[in-house]
2 protein chains.
Amino acid sequence: MVAFTRPTVQMLRLSRKSDYALVALKALRALGPGDALSARELASRFGLPVDLTPKVLARLAQAGLVQATLGKTGGYRLARDAESITVAEVVRILDGDPELAPCREGILECNRIADCDLRHPLGNLQREMMNVLDRMTLANL
Amino acid sequence: MVAFTRPTVQMLRLSRKSDYALVALKALRALGPGDALSARELASRFGLPVDLTPKVLARLAQAGLVQATLGKTGGYRLARDAESITVAEVVRILDGDPELAPCREGILECNRIADCDLRHPLGNLQREMMNVLDRMTLANL
DNA sequence: GTAAAGGCGACCAATCTGGTCCGATATTAG
DNA sequence: CTAATATCGGACCAGATTGGTCGCCTTTAC
Ligand code: SF4
Ligand code: SF4
């Protein structure tokens with residue numbers, strides 16, 4: 001019953017969580033020095049999933065990117081300079097360290113993994129890609 | 001019954017099809033000028049899925065990366081210089097043009113898409129990423 | 001004490017990917 | 001002619017990941 005189910009490419013894509021995280025971080029960055037924003041406020045302001053947003057923020061807090069204040073008037077604020085927060089770091093926090101080559105997908109392991117002349121070049125590629133994501137900071141995005 | 005089901009990150013990853021394509025292309029590159037390899041041979045030599053390999057090769061043939069020879073002694077060979085075949089091109093052929101930002105996931109469309117100051121920066125990032133993949137040719141991988 | 005906030009774990013539904021199984025046709029070597 | 005190859009198409013399903021929700025608990029402001 002859906003009009004256009006354009007199949008979407010999942011590969012080489014940012015996860016939704018990372019996207020949400022970037023949205024939230026960007027909002028926190030625009031905050032005054034003493035202010036804070038609650039997860040609920042962030043969610044309602046940007047239309048993010050209400051129950052998922054706190055989880056994302058919590059991960060960021062664990063990782064030390066944002067600082068959480070408990071209590072009734074609590075909320076989140078940036079814990080570090082916006083210049084030191086990169087897209088790559090956010091991705092690592094929320095999705096884990098990605099591997100470009102699909103050598104191990106879940107339980108499946110590629111049977112050529114022992115002797116494959118593709119792994120190392122792809123590893124280099126991956127590092128280059130992450131470097132790109134690492135050069136993009138919260139400040140200049 | 002599986003020992004370590006390490007959850008794998010699907011994001012920022014090459015699809016299996018693209019991986020297979022690279023494996024096959026690399027093998028074709030090592031071929032003599034007049035020789036060719038059949039999909040069946042490629043599959044058995046590298047342990048690729050027998051029924052999927054012809055499909056992948058067919059896509060590459062459509063795109064003009066490899067040349068298919070019909071008939072009993074047919075097979076595939078590279079149709080272009082290895083220097084002109086890039087990882088990015090293979091990905092585009094097999095998975096489509098990836099978008100870094102998950103603005104549209106299938107039917108879902110992000111509700112902030114109209115006014116989002118994240119899209120354009122992420123678009124730039126995406127272009128940079130694809131440039132990285134575009135600089136890696138079949139020759140120097 | 002109460003309300004509002006964060007933290008955490010478990011769970012379920014939607015979705016995508018990969019892989020398989022079909023079938024039919026054109027082409028070429030031998 | 002026969003066999004083996006490529007081409008094209010589609011339908012289908014099982015596995016895995018992702019995203020989203022629910023529920024309960026702790027902490028803090030007022
Ligand atoms: S073929 Fe090589 S690169 Fe691709 S998955 Fe297997 S081991 Fe990794
Ligand atoms: S928030 Fe912006 S970048 Fe992220 S999906 Fe929505 S529109 Fe795209």
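In the text below, chain A, chain B and the rest are named by the order of the sequence lines, each starting its count at 1. Below, all heavy atoms of this structure are taken into account, side chains as well, without hydrogens, waters or symmetry copies.
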*Nearest 0.5 Å please: distance from the CG atom of A:L125 over to the CE atom of B:M136.*
4.0 Å
*Spacing of A:C110 atom SG and B:F46 atom CZ [to the nearest 0.5 Å]*: 11.0 Å
Can you give me the closest heavy-atom contact between [X] and [Y], atom names plus distance?
{"X": "A:A88", "Y": "A:M130", "value": "CB-O, 4.0 Å"}
{"X": "A:L57", "Y": "A:Y76", "value": "CB-CZ, 3.5 Å"}
{"X": "B:V9", "Y": "A:D95", "value": "CG2-O, 2.9 Å"}
{"X": "A:L37", "Y": "A:R45", "value": "CD2-NH2, 3.8 Å"}

Whole angstroms only, please: what is the [atom1]-[atom2] distance between [X] and [N]?
{"X": "A:K17", "N": "D:dT17", "atom1": "NZ", "atom2": "C1'", "result": "10 Å"}
{"X": "A:D19", "N": "D:dT18", "atom1": "CG", "atom2": "P", "result": "15 Å"}
{"X": "A:L94", "N": "D:dT18", "atom1": "CG", "atom2": "C1'", "result": "13 Å"}
{"X": "B:E105", "N": "D:dG19", "atom1": "CD", "atom2": "P", "result": "6 Å"}
{"X": "A:R13", "N": "C:dT15", "atom1": "CZ", "atom2": "C1'", "result": "12 Å"}
{"X": "B:R59", "N": "C:dG18", "atom1": "CZ", "atom2": "P", "result": "12 Å"}
{"X": "B:R104", "N": "C:dA14", "atom1": "CZ", "atom2": "P", "result": "23 Å"}
{"X": "A:E41", "N": "C:dG6", "atom1": "CD", "atom2": "P", "result": "11 Å"}

*Have a look at B:V90 and tell me which of B:I93, B:V87, B:L94, B:T86 forms a side chain to side chain contact (heavy atoms under 4.5 Å, CB included) with it.*
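Going through B:I93, B:V87, B:L94, B:T86 one by one, the side chain to side chain contact (heavy atoms under 4.5 Å, CB included) with B:V90 is satisfied by B:L94 alone.
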*Main-chain N/O of B:P98 paired with B:Q126 side-chain donor or acceptor, under 3.5 Å*: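 At least one qualifying donor-acceptor pair exists.
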*Ignoring hydrogens and geometry, is there a side-chain-to-backbone donor-acceptor pair from A:R119 to A:A101 under 3.5 Å?*
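Flag not set: sc A:R119 to bb A:A101 has no pair under 3.5 Å.
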*Would you call A:R92 and A:D134 a salt bridge, taking side-chain N to carboxylate O under 4.0 Å as the test?*
yes
*First encountered from the 5' end of DNA chain C, between A:L57 and B:Y20*: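 Residue closer to the 5' terminus by nearest nucleotide: A:L57.
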_CZ (B:R80) with more than 12 external heavy atoms under 6.0 Å_ =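 Enclosed: over 12 neighbouring heavy atoms sit under 6.0 Å from CZ of B:R80.
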*Taking DNA chain D as the partner, which of residues 45-55 of chain A come within under 4.0 angstrom of it by heavy atom?*
A:P49, A:D51, A:L52, A:K55
_Can you pull out the residues from residues 28-37 of chain B that lie within a 4.0 Å heavy-atom distance of DNA chain D?_
none
*For each nucleotide in nucleotides 24-30 of chain D, reading 5' to 3', give B when a protein heavy atom comes within less than 4.0 Å of its base, S when such contact involves only the sugar-phosphate, and - otherwise.*
---BBB-
Does [N] have its OP1 or OP2 closer than 4.0 Å to a side-chain nitrogen or oxygen of [X]?
{"X": "A:R40", "N": "C:dA4", "answer": "no"}
{"X": "A:Q10", "N": "D:dA16", "answer": "no"}
{"X": "A:R16", "N": "D:dG20", "answer": "yes"}

*Does the side chain of B:T69 come under 3.5 Å of the side chain of B:R77 through a donor N or O and an acceptor N or O?*
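Yes, side-chain donor-acceptor contact under 3.5 Å.
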